*Asks:* 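Shown below is the structure under consideration.
Keep in mind that what you see is a predicted model, and the values were worked out from it rather than measured. Numbers restart at 1 for each chain; the letters A, B, ... are given by sequence-line order, proteins then strands.
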Amino acid sequence: MQNNCIINVENSINSGQVFLWRKNGKNWYGVNGQDILKITDSGNIKSYQNVKADFFRKKDNIAKIIKSISKDKVTKKAVKQYLGLRILEQDPFQCLISFIVSSNSNIQKIKNSLEDISKKFGVKVKFENQEFFLFPKPERLANASIDEIKSCGVGYRARFIKEAAKITVKEQIDFEYLKRCSYHEAKKEICQIPGVGNKVSDCILLFSLNKLESFPLDRWMIRILEKYYSDKFHLETKTITEKQYEMLHEKIVNHFGPFAGYAQQFLFKMERENYQKKWL
DNA sequence: CCAAGGCCTGAATG
DNA sequence: ACATTCAGGCCTT
């Protein structure tokens with residue numbers, strides 16, 4: 001019971017949720033929208049803007065969640081192995097752009113691109129004697145040229161980024177509303193944004209909009225399902241169509257329950273570690 | 001509704 | 001060296 005309350009900062013940051021983070025000595029520093037966060041090894045957060053954000057989702061009853069998602073041997077093992085791994089609650093706009101950038105890419109490149117975007121369009125600040133660039137505001141990216149954005153190494157995603165920023169500025173998307181409404185409603189809304197499909201939207205919903213039943217199905221998760229859950233979720237085709245994705249997600253929520261997103265995060269972390277994949 | 005092909009980029013593979 | 005291939009997908013045909 002007590003053990004379940006521990007937060008493992010390292011595992012949480014190094015699990016493919018966030019990209020603009022670096023370790024300096026014992027402390028982690030990261031960009032979260034218009035804020036910079038410092039996390040000490042004991043898990044205390046200091047905010048550049050003095051904002052009290054629940055970055056580690058302490059509001060979640062983690063003991064209850066872990067009990068809820070531990071439906072089979074595989075998740076039980078993953079949860080035990082990476083106890084303290086948490087879903088992070090990020091700035092929604094940064095999260096949106098981050099996962100548009102992530103599509104058809106990999107962690108190192110995503111990190112590089114996002115760093116370039118911050119440097120080029122974000123405001124430089126000093127925090128604890130270190131230099132940081134805040135994540136650009138939607139207005140700044142909405143007004144940037146496609147070529148300027150492309151210079152950050154994002155290729156064809158540049159126009160998606162500009163368009164997503166424009167939609168945010170025009171308030172055609174309301175993150176505060178999306179935080180409150182249902183998973184399906186929020187998903188429908190956010191999939192309207194160009195460059196945001198099934199997988200990317202599930203990441204945004206899980207990591208910034210409070211939708212814990214969201215279960216991003218990327219290549220790794222599909223591989224994991226094939227490897228450990230072939231009896232429960234039979235996957236025949238190589239490419240997952242929209243309809244199949246939807247049906248698969250329904251089966252997944254039926255199995256793992258309303259906090260399926262946590263199960264996804266533990267499984268993803270476990271398998272990537274098994275293959276010794278690099279993080280930040 | 002499904003399948004196939006194209007897309008920026010850079011690190012890894014042959 | 002150089003050419004493929006591939007990587008946390010999405011969009012168009």
*Asks:* How is A:I110 classified with respect to the nucleic acid when contacts are heavy atoms under 4.0 Å: base, sugar-phosphate, or nothing?
*Replies:* nothing
*Asks:* If I compare all heavy atoms of A:K120 with all of A:S151, which pair ends up nearest, and what's the gap?
*Replies:* CE-OG, 3.3 Å
*Asks:* Could you pull out all residues at least two apart from A:F215 that satisfy ring-ring contact (aromatic ring centres under 6.0 Å, His included)?
*Replies:* A:F256
*Asks:* When you compare B:dG6 with C:dT4, how far apart are their P atoms, in angstrom units rounded to a whole number?
*Replies:* 15 Å
*Asks:* How many Å lie between CG on A:N198 and C1' on B:dC1, as a whole number?
*Replies:*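 Value for this atom pair: 14 Å.
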*Asks:* With no hydrogens and no angle check, is any side-chain donor or acceptor of A:N32 less than 3.5 Å from a backbone partner on A:D35?
*Replies:*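 Side chain of A:N32 to backbone of A:D35, a donor-acceptor pair under 3.5 Å: no, none is there.
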*Asks:* Under 4.0 Å, heavy atoms only, any strand: does A:K199 hit a base, just the sugar-phosphate, or nothing?
*Replies:* base
*Asks:* Using the glycosidic torsion, which applies to C:dG8: syn (within 90° of 0) or anti (everything else)?
*Replies:*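 For C:dG8, whose glycosidic angle is within 90° of 0, the conformation is syn.
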*Asks:* Classify the nucleic acid contact of A:P216 as base, sugar-phosphate or nothing, counting any heavy atom under 4.0 Å across all strands shown.
*Replies:*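 The residue A:P216 makes no contact with any strand.
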*Asks:* With distance as the sole criterion, is a donor-acceptor pair present between the side chains of A:N210 and A:R180 under 3.5 Å?
*Replies:* no
*Asks:* Using the rule given for side chain to side chain contact (heavy atoms under 4.5 Å, CB included), can you reason through A:Y228 versus A:D72, listing the C-alpha separation, both sets of side-chain angles and the distance that settles it, and then say yes or no?
*Replies:* CA-CA 10 Å; A:Y228 303 108; A:D72 53 73; over 6 Å; no
*Asks:* Can you spot which of A:K124, A:R22, A:K119 makes a salt bridge (charged side-chain N to carboxylate O under 4.0 Å, His left out) with A:E131?
*Replies:*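 With A:E131 as partner, A:K124, A:R22, A:K119 yield a single salt bridge (charged side-chain N to carboxylate O under 4.0 Å, His left out), made by A:K124.
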*Asks:* Of all of residues 11-19 of chain A, which get a heavy atom below 4.0 angstrom from DNA chain C, listed by number?
*Replies:* A:G16
*Asks:* Taking side chain to side chain donor-acceptor pair (under 3.5 Å) as the definition, give me every residue that meets it alongside A:Q49, ordered by chain and number, with sequence neighbours left out.
*Replies:* none
*Asks:* Please tell me if the side chains of A:E271 and A:K227 come closer than 4.5 Å, counting only heavy atoms from C-beta onward.
*Replies:* yes
*Asks:* Nearest nucleotide by nearest heavy atom, which residue falls closer to the 5' end of DNA chain C, A:I193 or A:R223?
*Replies:* A:R223
*Asks:* When you compare the side chain of A:V31 with that of A:L114, does any pair of heavy atoms fall below 4.5 Å?
*Replies:* no
*Asks:* Provide the distance between the two P atoms, one in C:dT13 and one in B:dC8, to the nearest whole Å.
*Replies:* 14 Å
*Asks:* Report the distance from atom CD of A:E246 to atom P of B:dC2, rounded to the nearest whole Å.
*Replies:*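 After rounding, the gap between these two atoms is 10 Å.
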*Asks:* Quick one: the dot-bracket string of DNA chain B, using Watson-Crick and G-U wobble pairs with both distances under 3.5 Å, [ ] for crossing pairs and | for bases paired to another strand.
*Replies:* ..|||||.||||||
*Asks:* Ignoring backbone atoms, establish whether A:T241 has a side-chain N or O less than 4.0 Å from OP1 or OP2 of B:dC2.
*Replies:* yes
*Asks:* So, taking the atom named CZ in A:R157 and the one named CD1 in A:I110, what distance separates them when rounded to the nearest 0.5 Å?
*Replies:* 8.5 Å
*Asks:* Please measure how far the P atom in B:dG5 lies from the corresponding atom in C:dG8, and state the result in whole Å.
*Replies:*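 Per the computed distance, 23 Å lies between those P atoms.
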*Asks:* Can you name the closest pair of heavy atoms from A:P138 and A:A165 and give their distance?
*Replies:* O-CB, 3.5 Å
*Asks:* What pair of heavy atoms forms the shortest contact from A:Q265 to A:L85, and how long is it?
*Replies:* O-CD2, 3.6 Å
*Asks:* Is the distance between the ring centroids of A:F99 and A:F207 less than 6.0 Å?
*Replies:*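 Yes, close enough.
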*Asks:* Which two nucleotides bound the region of DNA chain C that has atoms under 4.0 Å from heavy atoms of chain A, read 5' to 3'?
*Replies:* C:dA7 to C:dC11
*Asks:* Can you tell me, in whole Å, how much space there is between the P of C:dA1 and that of B:dT9?
*Replies:*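 Their P atoms lie roughly 23 Å apart.
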*Asks:* Reading nucleotides 8-14 of chain B from the 5' end, what letters show protein touch, with B for base, S for backbone sugar-phosphate only, - for no heavy atom under 4.0 Å?
*Replies:* BBS----
*Asks:* Would you please indicate yes or no on a ring centroid separation below 6.0 angstrom for A:W28 and A:F56?
*Replies:*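 Not close enough - the centres of the two rings lie 6.0 Å or further apart.
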